[in-house]
Amino acid sequence: MSKPEGTERGGQSNSDNGEEKDWAAVKALFDNAKTTKKPRPPKPSNAVTIAVSSRTLFNMVKERKVFEEEGLERYVAHQLELEDQPFTPGVSFPFVKALMNVNARLRELYPDSEELFDIVLMTNNHAQVGVRLINSINYYDLTIERFCMTGGESPIGYLKAYMTNLYLSKDSKKVQEAIEEGIAAATMFACDSENELSDTQLRVAFDGDAVLFSDESEIIVKEHGLDTFFRHEKEFENKPLAQGPLKCFLEALGKLQRKFYAKNQRNSCPIRTYLVTARSAASAGARVLKTLRSWGLEVDEALFLAGAPKGPLLQKIRPHIFFDDQMFHIEGAQELGTIAAHVPYGIGQKYHKGKCIDTSDAEKNEKI
């Protein structure tokens, strides 16, 4: 979901002027509080907003078990009893730390800029649980000042209000709702053993079809086979693919990358992006690269695997997060220690390992 363009000064409404005054007051408050160690949160319309659920940021498996087996009241009481005990890090924790590192670099180069990552905790937890979440965030020195605790209601309606660029959750239904609302979103999956990740560079890997791009070409593969797909991609090589659900997030990353390039820091940029696709390069790669070019976007590395497993390449890349629309690629990444996020979009949701599956069976598997 892209940010709305700013209004020209002469066309600002009273509400716009009021908002500007409010943000000026917040800025003055932080600027005058010289003793604070926390940086001022950026204005949402300028920021790249990443909303993470509490169950992705922290490991809440035990707490989830209490909720499912003993009910809400016992769950809240359990959280209050352990209020001073921080949660252990969850699957999105390394990603969030990497976002903070990028922000630190941006603030060094652009002290007054608000074009930064803004991390929002988006959870359906009750407010009573908020103190333990706050204590955990402060324990790990995370820069997360914006919370949305909905008390059991779905947080999806708040994502647009927070101007969210990416939503990460462990709840596949909420992720599906977000994508249907036009918000980039993915369901995160943990690994038994994670690869060691870079402390100085945020690495984000994307699948192509049904992630950055629409599933229009994938439909041809599934319904008509590879030969028809290759002919189709050759015929329409110069016609850009339609955008997929994660295109806007790549666009947001590119905006921040260009701020480093403007300071002649392309080679030391703390953001690196990867396209990891099952497409063949010679037979179907040109259309992908030309589509990105037509969008004014680029990736740092493009890997065309021609159907080979993605896991070994991802193990080499060691991304903080890898997005894919097909669960067997997610599973392959997990097996080799890559943090993966499933994008439930497109025709790929009807298939597993190339075979059409019953959608009712797929829904049952999601609940397990």
Side-chain angles (χ1 to χ4, degrees), residues 1 51 53 55-56 91-92 154-156 159 164-191 204-226 228-229 232-233 241-250 275-279 284 287-288 291 305-311 314 319 321-335 338-368:
M1 179 180 177
S53 74
R55 288 201 294 141
T56 66
V91 65
S92 72
S154 172
I156 298 302
L159 291 173
T164 303
N165 293 92
L166 176 67
Y167 172 54
L168 299 175
S169 175
K170 282 203 164 190
D171 189 323
S172 61
K173 290 184 178 179
K174 290 188 178 70
V175 166
Q176 184 70 58
E177 288 178 46
I179 288 176
E180 290 171 359
E181 290 293 322
I183 298 166
T187 310
M188 295 203 74
F189 291 87
C191 309
V204 183
F206 299 89
D207 178 31
D209 295 292
V211 176
L212 290 179
F213 317 113
S214 74
D215 66 339
E216 59 189 88
S217 295
E218 197 162 309
I219 290 173
I220 293 173
V221 174
K222 295 290 192 290
E223 296 184 350
H224 303 287
L226 277 174
T228 301
F229 165 72
H232 178 272
E233 293 305 284
L241 290 154
Q243 72 178 53
L246 269 290
K247 180 255 188 178
C248 57
F249 181 53
L250 176 64
L275 172 65
V276 183
T277 174
R279 282 180 177 241
R287 190 181 185 194
V288 162
T291 295
L305 304 188
K310 297 183 180 182
L314 291 166
I321 192 167
F322 162 61
F323 297 100
D324 202 289
D325 67 303
Q326 300 192 54
M327 277 305 302
F328 76 93
H329 287 312
I330 298 292
E331 292 160 1
Q334 283 181 281
E335 289 172 3
T338 294
I339 298 171
H342 179 236
V343 181
Y345 174 83
I347 194 172
Q349 309 317 301
K350 298 180 181 179
Y351 290 80
H352 186 68
K353 295 183 178 180
K355 295 182 179 180
C356 188
I357 57 175
D358 189 295
T359 54
S360 60
D361 289 341
E363 290 173 1
K364 292 176 184 176
N365 291 334
E366 280 186 356
K367 297 176 183 178
I368 296 175

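Just so you know, these numbers use all the heavy atoms, side chains as well, and skip hydrogens, waters and symmetry mates.
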Novice: Any salt bridge linking Asp215 with Lys222? Criterion: basic side-chain nitrogen under 4.0 Å from a carboxylate oxygen.
Specialist: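 Not counted as a salt bridge, because no side-chain N and carboxylate O are separated by less than 4.0 Å.
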Novice: Side-chain contact, heavy-atom cut-off 4.5 Å: Val288 with Phe213?
Specialist: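 Yes, close enough: below the 4.5 Å cut-off.
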Novice: Checking Gln349 side chain against Asp325 main chain: does a donor-acceptor pair fall under 3.5 Å?
Specialist: yes
Novice: Please report the closest heavy-atom contact between Arg279 and Glu233, naming both atoms and the distance.
Specialist: NH1-OE1, 2.8 Å
Novice: Does either side chain, that of Glu331 or that of His342, offer a donor lying less than 3.5 Å from an acceptor on the other one?
Specialist: no
Novice: Answer yes if the side chains of Gln243 and Ser214 hold a donor-acceptor pair under 3.5 Å, and no otherwise.
Specialist: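 No pair is found: no donor N or O on one side chain lies under 3.5 Å from an acceptor on the other.
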Novice: Are Ser169 and Thr187 close enough that some pair of their side-chain heavy atoms sits under 4.5 Å apart?
Specialist: no
Novice: Within a strict 4.5 Å, meaning less than it, do heavy atoms of the Asp171 and Val175 side chains meet?
Specialist: no
Novice: Are any non-hydrogen side-chain atoms of Val276 and Phe206 less than 4.5 angstrom apart?
Specialist: no
Novice: Provide the closest heavy-atom pair for Leu159 versus Ala178 in the form atom of the first, atom of the second, distance.
Specialist: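 In terms of heavy atoms, the two residues are closest at CD1-CB, 3.9 Å.
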Novice: For Met188 versus Ser92, what's the shortest heavy-atom pair and its separation?
Specialist: SD-CB, 3.5 Å
Novice: Determine whether Val343 and Asp324 make a side-chain contact, defined as any pair of heavy atoms from C-beta on separated by less than 4.5 Å.
Specialist: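 Sidechains of Asp324 and Val343: no contact.
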Novice: Sub-3.5 Å donor-acceptor pair from the side chain of Thr228 to the main-chain atoms of Gly225, do we have one?
Specialist: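 It does not hold such a pair.
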Novice: Could you tell me how the ring of Phe249 sits relative to the ring of Phe323: parallel (under 30°), tilted (30 to 60°) or perpendicular (over 60°)?
Specialist: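 Because their plane-to-plane angle is over 60°, the rings of Phe249 and Phe323 count as perpendicular.
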Novice: Specify the closest pair of heavy atoms between Tyr345 and Ala210, including all atoms of both residues, with the distance to one decimal.
Specialist: CD2-O, 3.4 Å
Novice: State, to 0.1 Å, how close Gln334 and Ala190 come at their nearest heavy-atom pair, and which atoms those are.
Specialist: NE2-O, 2.7 Å
Novice: Hey, what do you get for CD1 (Ile219) to NE2 (His224), rounding to the nearest 0.5 Å?
Specialist: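 Rounded to the nearest 0.5 Å, the CD1-NE2 separation comes to 9.0 Å.
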Novice: Taking C-beta and beyond as the side chain, do His329 and Asp207 meet within less than 4.5 Å on heavy atoms?
Specialist: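 Side chain of His329 against side chain of Asp207, heavy atoms only: no contact under 4.5 Å found.
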Novice: Distance-only, no hydrogens or angles: does the Glu218 side chain make a donor-acceptor pair with backbone N or O of Ile347 under 3.5 Å?
Specialist: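 Not a single qualifying donor-acceptor pair exists.
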Novice: Mind checking whether Leu246 and Leu166 have side chains closer than 4.5 Å, heavy atoms only?
Specialist: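 Leu246 reaches Leu166 side chain to side chain.
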Novice: How close do Cys248 and Pro245 get, counting heavy atoms only, and between which atoms?
Specialist: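 Shortest heavy-atom separation between Cys248 and Pro245 comes out as SG-O, 3.9 Å.
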Novice: Would you say that Val91 contacts Lys170 through its side chain, given a criterion of any heavy-atom pair below 4.5 Å between the two side chains?
Specialist: yes
Novice: Measure from the side-chain N and O atoms of Ser53 to the backbone N and O of Thr56, and report whether any donor-acceptor pair falls under 3.5 Å.
Specialist: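 Yes, Ser53 side chain to Thr56 backbone: donor-acceptor pair under 3.5 Å.
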Novice: Can you check whether Arg287's main-chain N or O pairs, donor with acceptor, with Thr291's side chain at less than 3.5 Å?
Specialist: yes
Novice: Have Gln176 and Glu181 got a donor and an acceptor in their side chains that come within less than 3.5 Å?
Specialist: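 No.
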Novice: Measure the CG-CG distance between Leu305 and Leu275 for me, rounded to the nearest 0.5 Å.
Specialist: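 Leu305 atom CG to Leu275 atom CG measures 9.0 Å (nearest 0.5 Å).
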Novice: With side chain to side chain contact (heavy atoms under 4.5 Å, CB included) as the criterion, how do Ile330 and Met327 come out once you've worked through the C-alpha distance, each side chain's angles and the decisive distance to 0.1 Å?
Specialist: CA-CA 5 Å; Ile330 298 292; Met327 277 305 302; 4.1 Å; yes
